[in-house]
There are 2 protein chains.
Amino acid sequence: MVTIKRIAELCGVSRGTVDRALNGRGRVNPDTAAAIHEMAEKLGYEPNPAGKALAARKHKPIVGVVIYSEGNPFFDEVLRGMEDAAKEYKIYGFQVVHHRMKGYSVEKQLTLLEEIQGGINALIISPINDPLIAKKLNEMVDAGIFVVTVNNDLEGTKRHSYVGSDYFNGGVTACALLQVLIGDIAQIGIVLGDRHVFGHALRLKGFQYRMQGVSKFQIVDIIEHEDDDFLAYDLTRQLFRNHPEVNAIASLAAGVYGICRAVMQLPAEKRPVVIAFDSVPTTVEMMEQGIIKAIIYQHPYRQGHLALDLAFNYLVKGHFPDCRAYILKNEIKLIENL
Amino acid sequence: MVTIKRIAELCGVSRGTVDRALNGRGRVNPDTAAAIHEMAEKLGYEPNPAGKALAARKHKPIVGVVIYSEGNPFFDEVLRGMEDAAKEYKIYGFQVVHHRMKGYSVEKQLTLLEEIQGGINALIISPINDPLIAKKLNEMVDAGIFVVTVNNDLEGTKRHSYVGSDYFNGGVTACALLQVLIGDIAQIGIVLGDRHVFGHALRLKGFQYRMQGVSKFQIVDIIEHEDDDFLAYDLTRQLFRNHPEVNAIASLAAGVYGICRAVMQLPAEKRPVVIAFDSVPTTVEMMEQGIIKAIIYQHPYRQGHLALDLAFNYLVKGHFPDCRAYILKNEIKLIENL
DNA sequence: TTGTATGCGTTATCAA
DNA sequence: TTGATAACGCATACAA
């Protein structure tokens, strides 16, 4: 096993010098630094995380988590994954501070970021799609903060990595799943939160892409409910009035419970096949009642855990993420394998 | 953060004494030991894995892996998970030695275990269901070896934990999936390796249990192919000859490629709906060709990784597994979300 | 039965 | 610009 000590001996310098050279702390002769780097490279030096952790205990890196999670049960599991990871890493002097948000207010998220900016070493955020947020994230990266986006990405920013699901494939899978459930002929109502939300739009695109393979699938309407269950309820009822021929509902976002309550008002034989995303408690309840036939599941727990893993690996182990984006699989769940 | 040093100070003894008391190394006055234990309990002492790892570097714990993996592509992913975990833990002086086996010979596994018994600190094994193996595992546990069973459990032994899939639920899910794919009426051929293999039998049970909910599902035959693709091929062809009414095939074990090759000989309009387990390369190929409609997936990579995690947590961190069994979910995969 | 000293690999401080 | 030294938490050989 190759250590700083070994490198120091081989290069004929002290461990302190090797440390400074390898970690770019300055105050070291460029020539010796080059020699040290070369030697480390040659021997395949990998810093020992145990030693690092032990020595870093006075540092106590702080991770800020900013998620618009209030009232959004999807994030409960994401947060549980983060908490489990945090517990695991606490021993390394690793602190996680949560900042939950209610809505999608750009100003609120922005001021929150400004508030915590000075006190964190890493940021895990589900960012709102807005140029101001993007700019702020870039600013924080420049200030040396390790930034991971979760569940929603801001491409084109300097964020170090992204953890989330594959939205386009989610739409593709939803369409394929519907075909499996209903056969080759369907009059489909699509329900989502907002066509301008990145993830929703991408799922819709995926759905439409996959629909090209099924000539007798027709989208009769696309409803936008702003992630509000009651609006979803009203609009879905309206959909059934305007389009009694609808025999399939694809819910691509939240608002699932509202949709289902509207479906339940139809007589059993007229109810469409319903599929949805995410196994939040109300959705599970609707599966148990047979209203929803199948869902697509996006490993929320693992999303949360993985995001914190990345921060830990960077801050404690000094490991840069392997990928710029960690995209988890879409899974299909029936009530039987929930 | 509470450390051995702190406990030593508070108890008015030396760190060495605390270490001996807490780790049961003997040579310590029962009274002081009791006081130390009490203090540790009160303060919620958790040994720091970084310190432990650092101090234990001379020990180099060795993990032996015994898996009948040769010629069984399912285990390729399991092994990949193990290898990734091993790479991650190598820095802690953690060594993994693989022992692949070809068949299911009890004697071979037994002699292999005897060979390696003396040289390992932990054992990860997919054990053959046999009293002799069970006895040997108990013996190894008694000798202080940490034992984890993978993919196949030996209940009633002293093994510390099990990592694998939920076989009964896999069968339940397979039946539900078939219903989704084909509707409420089906003449089903069940194909498995050996009715006496624990996992296969349990899946069959699960399938039959779920069938109670579908009055017009009928099992016309149950084929056993001993995990041999060519035997599977012959027997499946025979099935089609004897039962031309078969419109669904549920493959509950290996031999998938043989089954599919038999299916491909039927004219397209007479081909049954086929479902299978595990996304091994030949199975994926058959999905791409449309022969298999859907599969059930059991997170093989995670099984392998998790098994090694448990060994690492025990040997390096001193953490006993939280559960006596880690049962991963069955997932449903269409070609779209593979 | 108990305490002391040393080392594991890394980082930080201080002196040279 | 460098090197020596102490510290992090734990384990252990050895001394008392």
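So you know, we letter chains A, B, ... as the sequences are listed, proteins then strands, and number each from 1.
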Measure [atom1]/[X] against [atom2]/[N] and give the value in whole Å, please.
| X | N | atom1 | atom2 | answer |
| --- | --- | --- | --- | --- |
| Lys5(B) | dA6(D) | NZ | C1' | 11 Å |
| Glu9(B) | dT4(C) | CD | C1' | 15 Å |
| Leu54(B) | dT10(C) | CG | P | 9 Å |
| Asn48(B) | dA7(D) | CG | P | 18 Å |
| Ile4(B) | dA5(C) | CD1 | P | 18 Å |
| Leu315(A) | dT10(C) | CG | P | 18 Å |
| Arg6(A) | dT10(C) | CZ | P | 12 Å |

Working for salt bridge (charged side-chain N to carboxylate O under 4.0 Å, His left out), residues Arg80(B) and Glu77(B)
CA-CA 5 Å; Arg80(B) 210 170 59 77; Glu77(B) 280 296 289; 2.9 Å; yes
Donor on one side chain, acceptor on other, Tyr314(B) and Asn121(B), under 3.5 Å:
no
Which heavy atom of Phe74(B) sits nearest a heavy atom of Asn151(B), and at what distance?
CE2-ND2, 3.3 Å
Side chain of Glu331(A), backbone of His299(A): donor and acceptor closer than 3.5 Å?
no
Would you say Asn152(B)'s side chain and Pro127(B)'s backbone share a donor-acceptor pair under 3.5 angstrom?
yes
Does any N or O donor sit under 3.5 Å from an N or O acceptor when you compare the side chain of Arg20(A) with the base of dG3(D)?
yes
In terms of side-chain geometry, is the basic nitrogen of Lys136(B) or Glu139(B) positioned less than 4.0 Å from the acidic oxygen of its partner?
yes
In residues 21-32 of chain A, which residues come under 4.0 Å of DNA chain D by heavy atom?
Arg27(A), Val28(A), Asn29(A), Thr32(A)
What residues in residues 10-19 of chain A put a non-hydrogen atom under 4.0 Å from any atom of DNA chain C?
Arg15(A), Asp19(A)
Please tell me if Lys52(A) has a side-chain N or O lying less than 4.0 Å from either OP1 or OP2 of dT11(C).
yes
For Gln109(A), the option from Asp130(A), Leu132(A), Ile133(A) that meets side-chain contact (heavy atoms from CB on, under 4.5 Å):
Ile133(A)
Which residue in the set Ile67(A), Val96(A), Val63(A) passes side-chain contact (heavy atoms from CB on, under 4.5 Å) when paired with Met82(A)?
Ile67(A)
Begin with the C-alpha distance, continue with both residues' side-chain angles, and end with the deciding distance and a verdict on salt bridge (charged side-chain N to carboxylate O under 4.0 Å, His left out) for Glu9(B) and Arg6(B).
CA-CA 5 Å; Glu9(B) 285 163 2; Arg6(B) 266 270 290 289; 5.8 Å; no
